[in-house]
There are 2 protein chains.
Amino acid sequence: MLFMQKGKVQLVREDIMPRDLLTRVLLTRDLLPRVLPQDRAAGPGRPKDLAKRDAILAAARALFFSRGVEGVGIEEIARRANVSKMTVYGHFRDKAAILSAIVAAEAARMTSVLDEMPGEPRNLEQRLVAVGTALMTFLTSPELLAFERLLMSEAARRPDLASAMLEAGPRFGHRKLAEQLAAATTRGDLAIRHPVVAAEQLTSLWKGFLYLECQLGVRPSPTAEEIHRHVTEGVAMFLRSYRPSALP
Amino acid sequence: MLFMQKGKVQLVREDIMPRDLLTRVLLTRDLLPRVLPQDRAAGPGRPKDLAKRDAILAAARALFFSRGVEGVGIEEIARRANVSKMTVYGHFRDKAAILSAIVAAEAARMTSVLDEMPGEPRNLEQRLVAVGTALMTFLTSPELLAFERLLMSEAARRPDLASAMLEAGPRFGHRKLAEQLAAATTRGDLAIRHPVVAAEQLTSLWKGFLYLECQLGVRPSPTAEEIHRHVTEGVAMFLRSYRPSALP
DNA sequence: GAATTACTATACGTTTGCGTCTAACATATG
DNA sequence: CATATGTTAGACGCAAACGTATAGTAATTC
């Protein structure tokens, strides 16, 4: 599929991000206990094959993303993961548990990506454009769009999932961006009274109508050029509003 | 339920908006023929009871909004509409046709609401705040949020629905807002080079993070005060960026 | 090797929901 | 009145999906 190189599917595992950050993200809405279950501490008997667990999650992820939770059966997940149906139930209590694990993994990935946003380039405008471009590239990727759609349709039934994702994604991103904006303000490059508000505004400008169109699937994901142009427009507008001369 | 006063449910009918506007909205994505079907031109025999048709649509709307299309059975719709299941199938070919009719009605309602946005108040800032407040009040109403959620989850399967809604809602609104912004520019109150872009930016600022939280259901719909404060912030930021002195 | 646990394949019982059909009654045209 | 269509209530066939059960094989500990 598009978003996973065959055989190399990593979901929630301590090797992709520091355990404490992962935990912090997932504990926001007691999602963790459902995701890292009792590991039976290596008694006698054949151990569980974690590769199969990952294969199940990868298969479910791809299927859920493209056809929604209700549109996919357990048997189909098992078939795609090259696994027996019973094995699926051996690893997960039910369908909802699979979804929880996927959302937790996605939340972790989101935080991880946001945590590595570019921070160094030369002047402020270039830095903001770089961050915005990276963010929009991430957000408009087919897999992220599919994930948001999925989350939206499950939001009513499973508010915990939406909560976890909001915390790991937007809120986390806003805090990080707000820090940068505050720093720029103390440096004298910007005049911002409420950095968090400004960060939310900037993010909204970055997303704009473009993101909505992508989310509803009425247009393909934007090219790098389109994203760059769109983000640059937003940054310019933002900087005009918050340039130091604007506030006494 | 929350969003309809019992018995007074009006969906797609020529009495709520001019026929040509309605048609223009719905024809954007050949939704119309599926919604206003062949009326059999009053031959012999008992005529169809349009009140029942409306009751079916109202029931389906409420149920779809709260539990999604897949989560609701035809029998349940019929029961809630005080109608036999066969009557449902007498008016609509299948579930998808019911959904089409609902979306068409909602699109029409959306255009109608956007078309009546406040236009008169005194100065520019007050006018923009008034429009933004009205828009956000509309968008964050439980019914509209539920509708967007519904649409999002069906977007993959039914791109025509998303298209119709985008055209009737955001795109229509952006055009109207862009006209006002362009007028303000010629009046000298603003300095805007690309009114449509600016309209999209302003709308994004109005929505902001607040709307996302509502959409995901992690917070209740904002109060009038909250909306007013949020919109005012956005307008202030917008005006700082596009005030005439900002551009030579 | 014995015990224990995991995985496979398959079958099963149950539920759910869709869409159709029928027989009776209701309401319109002419 | 005859005719034609709409509405109801119930039953029906069918397919899909969930989650469980069983029996045999595979992997691991002691």
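FYI, side chains are in, hydrogens and waters are out, and symmetry mates aren't considered; it's all heavy atoms of this structure.
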Next item on the list: Take the protein atom CZ of A:Phe92 and the nucleotide atom C1' of D:dC18, then report the distance between them rounded to whole Å.
Entry: 17 Å
Check: Could a donor-acceptor pair under 3.5 angstrom be found where the side chain of A:Lys85 meets the base of D:dG19?
Finding: yes
Item checked: Among D:dC18, D:dT5, D:dG19, the one nearest B:Arg46 by side-chain distance -> D:dT5
Next item on the list: Check every strand shown and say whether B:Gly90 touches a base, only sugar-phosphate, or nothing at a heavy-atom separation below 4.0 Å.
Entry: nothing
Notebook entry, point to check: Quick one: are B:Met165 and B:Glu106 in side-chain contact, heavy atoms under 4.5 Å?
Noted result: no
Next item on the list: Would you indicate what A:Val72 reaches in the nucleic acid, counting non-hydrogen atoms under 4.0 angstrom: base, sugar-phosphate, or nothing?
Entry: sugar-phosphate
Note to self: Between B:Ser84 and D:dT7, is there a contact of a side-chain N or O with OP1 or OP2 at under 4.0 Å?
What the structure shows: no
Next item on the list: Using the side chain to side chain donor-acceptor pair (under 3.5 Å) rule, take B:Arg158 and B:Ser100 through it: C-alpha gap first, then chi angles, then the decisive distance, then the call.
Entry: CA-CA 9 Å; B:Arg158 308 278 315 267; B:Ser100 292; 2.9 Å; yes
Next item on the list: Starting from C1' on D:dT8, measure out to CG on B:Asp49 and report it in whole angstrom.
Entry: 13 Å
Checklist line | Nucleotide of C:dA28, C:dC18, D:dT7 approaching B:Tyr89 most closely (side-chain heavy atoms) | finding: C:dC18
Next item on the list: Kindly say if A:His91 contacts the phosphate of C:dC7, meaning a side-chain N or O under 4.0 Å from OP1 or OP2.
Entry: yes
Next item on the list: Specify the separation, in whole Å, of atom NZ of A:Lys48 and atom P of C:dT5.
Entry: 12 Å
Item checked: Selected nucleotide, minimal atom distance to A:Ile74 side chain, candidates C:dC7, D:dG19, C:dT27 -> D:dG19
Margin query: As a test of reading the structure: which of C:dA28, D:dT8, D:dG19 is closest to the side chain of B:Lys52, going by heavy atoms?
Written below: D:dT8
